[in-house]
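Below is one structure, written out as structure tokens, with a few remarks after it.
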Amino acid sequence: MNDSYGLSLPTHADNLLQGLNQQQREAVCLPDTHALILAGAGSGKTRVLTTRIAWLLSQQRVSPAGILAVTFTNKAAKEILTRLSSMLPLNVRGMWIGTFHGLCNRFLRAHHQVAQLPQAFQILDMQDQLAAIKRLYKQFDIDAVSTPPKQMQHFINSCKEDGLRADDVPANNINSRKNSEIYRLYEAQCQREGVVDFGELMLRSYEVLRDHATIRTHYQQRFRHILIDEFQDTNYMQYRWLKLFVSSDDAIQKNAVFAVGDDDQSIYSFRGARVDNMNDFMLDLKVKHQIKLEKNYRSYSNILDSANALISNNKHRLGKNLSTQAGAGEPVRVFEHISDMEEAFWLVDEVRQLLRDDDIHRRQIAVLYRSNAQSRIIETCLFNAGMPYKVYGGLRFFERAEIKHALAYLRLLDNPRDDTSFARVVNFPRRGIGAGSMETLQDIAKSENCALYDAVEKVDTRAKTNLVSFVEQIRAMRAQAVKLSLPDLVRYTLDASGLLSHYKKDNDGADRVENLEELIHAAENFCSQEGLMPDIAALQEVSWAAEEFDDLAKNNVAGETVETLTPLSLFLSHASLEAGDNQAQAGQDAVQLMTVHASKGLEFKVVFITGLEESLFPHENAMYAQDGLEEERRLLYVAITRARERLYLSYAQSRMLHGQRHYHIRSRFFDELPDRCLKWIRPKQNLYSDDIAQIGDKQTNLDELDTSTEQQSELRCGMQVFHTKFGEGKVLAVEGSGLDAKVQVQFKRHGSKWLVAHIAKLTVIA
DNA sequence: GCTGTAGAACTTTTT
DNA sequence: GTTCTACAGC
């Protein structure tokens, strides 16, 4: 029997619940009320969220159009869509599943008139935004030394995140008045150019919903079920945005918010994430259902118990303890090294051994570090050893310079008044239009209050010829553009702009030419079924919104010409919202290198966590604040829980940082891990003649066995020394000689201590 | 208008 | 130690 959504029931619902544990099942089958699901690492979070949607649909509790599911990353949104379509033979088209920004984009295109935006508005990524601010600085002669553009960018973004417009920013001193004035100018510039930044996508949608009861009520009634992934990562604005979808009106049927998150994995407070949203959510919406998913299906208990013990040191938690039935597994291996160099050598060696002895592939091995700078030395060693590796992070496809150039031309075809794009490519490839000409042009644009593109004809200096021929070129390309399909248009643009031939002439341009050709593929892909699906849905929404809110629109923006969304503008917003893969050397089986942040949500058979030293992990900038330290702890918690079978923790006594050798003691987090789960090992090294020593008790035995063969006899008063446990210190006194020699050392952080010279492992720093 | 060099910065990052 | 930015010089 078929129901209205094309699903056969109820057998399907039973199938969905197969293989779920008690808590998961409970979460999936919750009634239509608000709920908070505390989902620990590896507890099947995405599965629960996806199954919940499938179950709701199969139970006919909601139609696809009544689903709103929000994620942070495109990857997560895609994952949900893929899993969902494998669970249900359904049409995902009516659902709103996407990232916060992707959904805001869709929303604003649909309600562009109310939002006072051109329908084909373009989206500035961080790079574009910074460029726009710099352009503003030039135009208004703003002092970039006292207020650096980067700082301004941060200021603007955090204002928007807090829901503040330029008028709302408190301006009670010269500095804040200046800031809000620049913010105001920036807002005006964006509005004039028809561009929005990421923060604006959120804020503008929020304001539209807040100020237009008709629209708000419509969506409140439409979205019966609102589901949020990674709720601990939401910022203030996102939470407020979300709340606007929740009806407070008793007259209409209540909708239900299903928030999934893990406060222990909140590692993004530096970019505005508010864990407190979880508590606020419970209180604001009077949430009665809280379900903890604590069964872990990923790791053995030595790994899990380490993670649990560590995180229990945090004071502010909602409280959760992961457990597994997988058994203890191998102990967590802990290694100490003399230097970052030794650590990297050891790592390569260990990886080699893993590949040789065990049934492990390179791609199942992850090397994690706290900061990007640490990857260099590891990369060097892996490279020299001929070991394939992949580094995550760095420039993504759509962020590469040549791609940004090509996109700038495409944007100009879509909207010639996009000054950011104009400025980017007006002299690339070179057309003899330098800073001087641009300054003239910008002055005119400013005094005429028009776009750079329109200001060209008013130039009357020598610079005019080149500028006019550029504008002519764009005009000619625009004329061609309407005749071509998107992939052909991209191909044509690369040619006609001269970009392709420019890079072909360049001896080192082969990679860039390849990337540009890849851009054509990206366009083709985008047009093929799969790529376009969500955006076709967006187009349908737009036509629906035009009908639904026609009156509203007329009242707000009178006489605006009706524009249409071209495949080009859809492709351009896709390019801004999804910057593409950020891993280099895709494809082959390679060891995975990434920061701990980047590893969130992933899992590996073997995980190495490197650089576990005080002031690196926990990082020095976070060490002295309670909140900072707790977040560092969560960060390590995330790192540990990435491992399925085998976990290595390593630290080095010394490390090159900012061109200087630094000496650090091992991370304080080691003291928070349970001894019974750890195995302290000293690696076999050329420096040492003895074999690998296995040490049971890290506190005492390590020192005894650490009678390194290094020369340490010539300790003298006044020397700066380094001790693995106590850190840096100064030698105050030396007594005796040979094996009986004792030294008194004044440590910076641990006071003065008497040590037996040949037992205590002291490294002379200076 | 372009190129080279001195100076500063430098934790984590998605959209 | 490296990498980006800004300004000076050709």
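Throughout, a chain's letter reflects where its sequence line sits, starting with A, and its residues are numbered from 1.
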Can you tell me if A/Asn74 touches the phosphate of B/dT14, counting only side-chain N or O atoms and a distance under 4.0 Å to OP1 or OP2? no
Does a side-chain N or O from A/Arg396 land closer than 4.0 Å to OP1 or OP2 of B/dT15, or not?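 Indeed, a polar side-chain atom of A/Arg396 lies that close.
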Examine the side chains of A/Asn277 and A/Thr234 and answer whether a donor and an acceptor come within less than 3.5 Å of each other. yes
Testing the 3.5 Å rule here: is there a donor-acceptor pair between the side chains of A/Gln151 and A/Gln153? no
Sorted by first residue and then second, give each salt bridge (Lys or Arg N to Asp or Glu O under 4.0 Å) pair with at least one member in residues 195-205 of chain A; sequence neighbours left out.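 Salt bridge (Lys or Arg N to Asp or Glu O under 4.0 Å) check on residues 195-205 of chain A returns A/Lys160-A/Asp197, A/Lys160-A/Glu200, A/Arg165-A/Glu200, A/Glu200-A/Arg204.
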Within residues 629-639 of chain A or reaching into it, pairs that qualify as salt bridge (Lys or Arg N to Asp or Glu O under 4.0 Å) - sequence neighbours excluded: A/Arg370-A/Glu632, A/Glu631-A/Arg634, A/Arg633-A/Glu672
Each nucleotide N or O in nucleotides 3-12 of chain B that has a protein N or O under 3.5 Å away: list the pair and distance.
residue: B/dT11; atom: O4'; partner: A/His619; partner atom: NE2; Å: 3.1
residue: B/dT12; atom: OP1; partner: A/Asn372; partner atom: N; Å: 2.5
residue: B/dT12; atom: OP1; partner: A/Asn372; partner atom: ND2; Å: 3.0
residue: B/dT12; atom: O4'; partner: A/Arg370; partner atom: NH2; Å: 3.2
residue: B/dT12; atom: O2; partner: A/Arg370; partner atom: NH2; Å: 2.6

Nucleotide range of DNA chain C contacted by chain A, 5' to 3', under 4.0 Å to a heavy atom?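 First-to-last contact on DNA chain C, by the 4.0 Å heavy-atom rule, is C/dG1 to C/dT3.
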With both pairing distances under 3.5 angstrom for Watson-Crick or G-U wobble, and | for a partner in another strand, the correct string for DNA chain C is ||||||||||
How many Å lie between CZ on A/Phe198 and C1' on B/dT14, as a whole number? 8 Å
Please give, in whole Å, the distance from B/dT14 C1' to A/Glu161 CD? 11 Å
Base, sugar-phosphate or nothing for A/Asn427? Non-hydrogen atoms, less than 4.0 Å. sugar-phosphate
Sorted by number, the residues of residues 226-233 of chain A with heavy-atom contact under 4.0 Å to DNA chain B: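 Hits under 4.0 Å, by residue number: none.
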